[in-house]
*Asks:* 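Below is one structure. I have some questions about it.
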Amino acid sequence: MPLQPSVVRSWLLPLHIFILSIGISPLLAQSGSTSHPWMNSSLSPDERASMVVKEMTLDEKILMLHGTGMSGLSPMSPLAVKSNGGAGYVVGVQRLGIPGIQMSDAAYGVRSSGENGRYSTALPADIAGAASWDLDAGYEYGALIGRELRAQGYNMTLGGGTNLTREPRNGRTFEYLGEDPVLAGKMVGSVMKGLQAQHVIGDIKHYALNDQENGRNALNVNIDKRAARESDLLAFEIGIQEGDVAAVMCSYNRVWGDYACENKYLLTDVLKKDWNFKGFVLSDWGGTHSAEKASAAGLDHEEPGEIFFGDDLKKAVEAGKVPMAEIDDHVHRILRAMFATGVIDDPPQKSVIDVERDLEVAQKIAEQSTVLLKNGQSQLPLDASKVHSIAVIGPHADVGMISGGGSAQVDPPGGNAIMPPGKGNTHWQDHIWFPTSPLRSIRAKAPSANVQFNSGSDPDAAAALAKAADVAIVFAYQWTSEGMDLETLSLPDNQDALIEKVAAANPHTIVVLESGTAVTMPWVENVSAILEAWYAGSKGADAVANILFGEVNPGAKLPMTFPKSVADLPHPTLVKPPKATVDADRKGWRRIAAGLPAFQVTYDEGVKVGYKWYDAENKPVLFPFGYGLSYTTYSYSNLKVTPGRNPRISFTVTNTGNRAGAEVAEVYASLPTAAAEPPKRLVGFSKVKLNGGESKEVTVEVDPKYLSIFNVEQNGWQLIPGEYGFMVGGSSQDLPLKETVSLK
Ligand code: BGC
């Protein structure tokens, strides 16, 4: 017999009272109870954390300094049963009202939803988010992830990848935010602001210089200190400051001889002292290599389990080798992060997210991040009333779009689109296709056209289909993942030959790229239009179709250079680990924890990352940093530079066409010769919305740090007095406005 409403209500009543009594009522949270005075939310996070630390036993403190294990990477603790199914779980202190920390990877959406029987939205990859150059879009990106984490019961993200694209073959390039520290730093700052506003602990990673995957547990990065501070580290510095990020994940690799997670210069001197970082540092999964050394260097927390920061650390404290004040500082930082982000006052409630809303956000960001790279003879947008036949070509373009792999992987609803339904569970480094079908979306846009599909596995058959159609659209992909680097930037699976054949058969060939990094394009001159859609997420196909048919005017710009060839990279050959290191690495986590034999990776290009390298070396590129077309055109005029501590750069942007659009206006600076820097650096940008024919005056205020060099002797930023050139325009290689001023 179904329960009557009144029966249900009376049955729920005691439960309701029970929930209230174990939860924290808002009133109590505001004032704190006499036994838990730190629950008074009008106190500062620091005051609250200090009060809790004073009450804690050594065992309770140690329990907060490590996770509860992950099979294959560390021993498992029986306490792990309370994990929410994410990559990390930290036990709280129940008797003091401190909840556990439930961590999940969430680079472009919440990970592991498949095995946990949940749903997650996939946003376009992080690199795509950076291509929007839109800080509001970044905020929305973070807010979506924050909402979905909370709904699944998590209170901490492990997203926030900020390593610079120093090596575009790096398999994790799609998880990062491009090659420029100002763009990457500002973007991750916005993403983290949006995320932490949802009361989730933010995390920024992998600190630092983890710029390739090959040999990541062993390699030692050599780089000039000034160059590091002005490039990779600057991205973190800006991100942490702009986003007030609560946690930093140190990386697997060594830097200047020490593992990043026991590197005093990186963790204490730079992060905690110079940048005044108040949050906590957690190790990458299996990236801790010692107790005493790591703790003293500034590592606050070991993940995923207790190898060094459990018994070993406790014994070291008891033996007087690690001062209690050091332990207290680690714990204080973790608690402070929890209070500051609101995870204690407003713990997550499991719930069903608003899927429709999040799909809309994902689509909007995909539309804002798809870069129009070429548009010969205004091939695009397509006019659905005039196109009678379309050939849609490319692997799986009938069913889905590819996504990026590794710990960033988001599970598609219904499973991998290229597998039979129900058979699509994701596995580490599978190629996962999201069920967002370009063919279906294109058919929906052109209902009266004859739209046919060919996978391209037989290039001749594909070319024949293309020849018979008005327009051919080739969807080409390049899959990348954590745990691998690309050998080259060429498209895999004979797709270059496929594109050549299709282009030879049809002069109206459009290429849509689904990639996580730059690709080389031997066919660039032979196709009429190119779109870079990146890993476009849950709603990629609708977003691309809206751009192809002109419902959306593209306004994204490349956050990284697309070189002509890998021969033009600072290091044409990627350094791989020697056999002894590879063999030791295979022996599992105990061997890795003990420290693998090091091999050297030397970034002698220094600060010359991305466009700074091509500029300085005078190397032509395929598509430059900051480049992207639109269906309208823009002009720049009236540059005015007002010197001062924060120079103000004002100029006018005009939409010279008749379609509304959004232009990314970019401001670069050249430093005085005495600074000995590459020809220019990005110092600011603004995304400007303009109707057809409209003009707007834009002012970009430049942070003096972005104009400075890092003086290693003085350990500080220094503005070199002299002539500064300010250049403004729509791409790093199209800067029509220039004015030189003297700064001191
Ligand atoms: C990755 C991190 C990730 C962690 C937990 C590591 O392999 O490098 O980015 O957050 O695993 O899954």
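For ligands, and for the atoms within them, numbers begin at 1 and follow the listed sequence. Remember, it's a predicted structure, so these values are computed and weren't measured experimentally. Because only heavy atoms are used, hydrogens play no part in the values below, and waters and symmetry mates are left out as well, while side chains stay in. By convention here, the first residue in the shown sequence is residue 1.
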*Asks:* If the contact criterion is a heavy-atom separation under 4.0 Å, does R172 count as touching ligand 1?
*Replies:* yes
*Asks:* Describe, in one word, how the ring planes of F625 and W133 are oriented to each other, choosing from parallel (under 30°), tilted (30 to 60°) and perpendicular (over 60°).
*Replies:* tilted
*Asks:* Closest non-hydrogen protein atom to atom 5 (C) of ligand 1, residue and atom name please, with distance?
*Replies:* D105 OD2, 3.3 Å
*Asks:* Fit a plane to each ring of H206 and Y176, take the angle between them on a 0 to 90° scale, and name the class: parallel (under 30°), tilted (30 to 60°) or perpendicular (over 60°).
*Replies:* perpendicular
*Asks:* Which of these, N210, L158, T157, D284, has its nearest heavy atom closest to atom 4 (C) of ligand 1?
*Replies:* D284
*Asks:* Using 4.0 Å as the upper bound for N to carboxylate O, is an ion pair formed by D583 and K587?
*Replies:* no
*Asks:* Once you restrict to heavy atoms under 4.0 Å, what part of E213 touches ligand 1? Side chain, backbone, both or neither.
*Replies:* neither
*Asks:* Would you say the side chains of Q478 and T517 form a donor-acceptor pair under 3.5 Å?
*Replies:* no
*Asks:* I'd like to check which ligand 1 atoms, numbered from 1 as shown, lie under 4.0 Å from a non-hydrogen atom of R216.
*Replies:* 7 (O), 8 (O)
*Asks:* Report, in ascending order of atom number, the atoms of ligand 1 lying under 4.0 Å from any heavy atom of K205.
*Replies:* 2 (C), 3 (C), 9 (O), 10 (O)
*Asks:* For ligand 1, indicate whether the residue H206 contacts it via side chain, backbone, both or neither (heavy-atom separation under 4.0 Å).
*Replies:* side chain
*Asks:* Decide whether Q102 and N155 meet the rule of one side-chain donor and one side-chain acceptor closer than 3.5 Å.
*Replies:* no
*Asks:* Give me the residue, atom name and distance of the protein heavy atom closest to atom 7 (O) of ligand 1.
*Replies:* E482 OE2, 2.7 Å
*Asks:* Going by atom types only, do S120 and Q152 share a side-chain donor-acceptor pair under 3.5 Å?
*Replies:* yes
*Asks:* Does the pair D284/R216 count as a salt bridge with the N-to-O cut at 4.0 Å?
*Replies:* no
*Asks:* Considering only NZ, NE, NH1 and NH2 on the basic side and carboxylate oxygens on the acidic side, decide whether E148 and R118 come within less than 4.0 Å.
*Replies:* no
*Asks:* By number and element, which atoms of ligand 1 are closer than 4.0 Å to a non-hydrogen atom of S407?
*Replies:* 1 (C), 2 (C), 3 (C), 9 (O), 12 (O)
*Asks:* Record the part of M70 in heavy-atom contact with ligand 1 below 4.0 Å; permitted values are side chain, backbone, both and neither.
*Replies:* neither
*Asks:* Does K576 pair with D485 as a salt bridge, N-O distance under 4.0 Å?
*Replies:* no
*Asks:* May I ask whether M249 has any heavy atom positioned less than 4.0 angstrom from an atom of ligand 1?
*Replies:* yes
*Asks:* Any atoms of ligand 1 less than 4.0 Å from a non-hydrogen atom of A87? List them with their elements.
*Replies:* 5 (C), 12 (O)
*Asks:* Given side chains that start at C-beta, do those of R169 and Q212 come closer than 4.5 Å, heavy atoms only?
*Replies:* no
*Asks:* R111 heavy atoms, cut-off 4.0 Å: which ligand 1 atoms fall inside?
*Replies:* 12 (O)
*Asks:* Is E175 near ligand 1, meaning one of its heavy atoms is under 4.0 Å from it?
*Replies:* no
*Asks:* I want to know if ligand 1 touches W285 in the polar sense, i.e. an N/O pair below 3.5 angstrom.
*Replies:* no
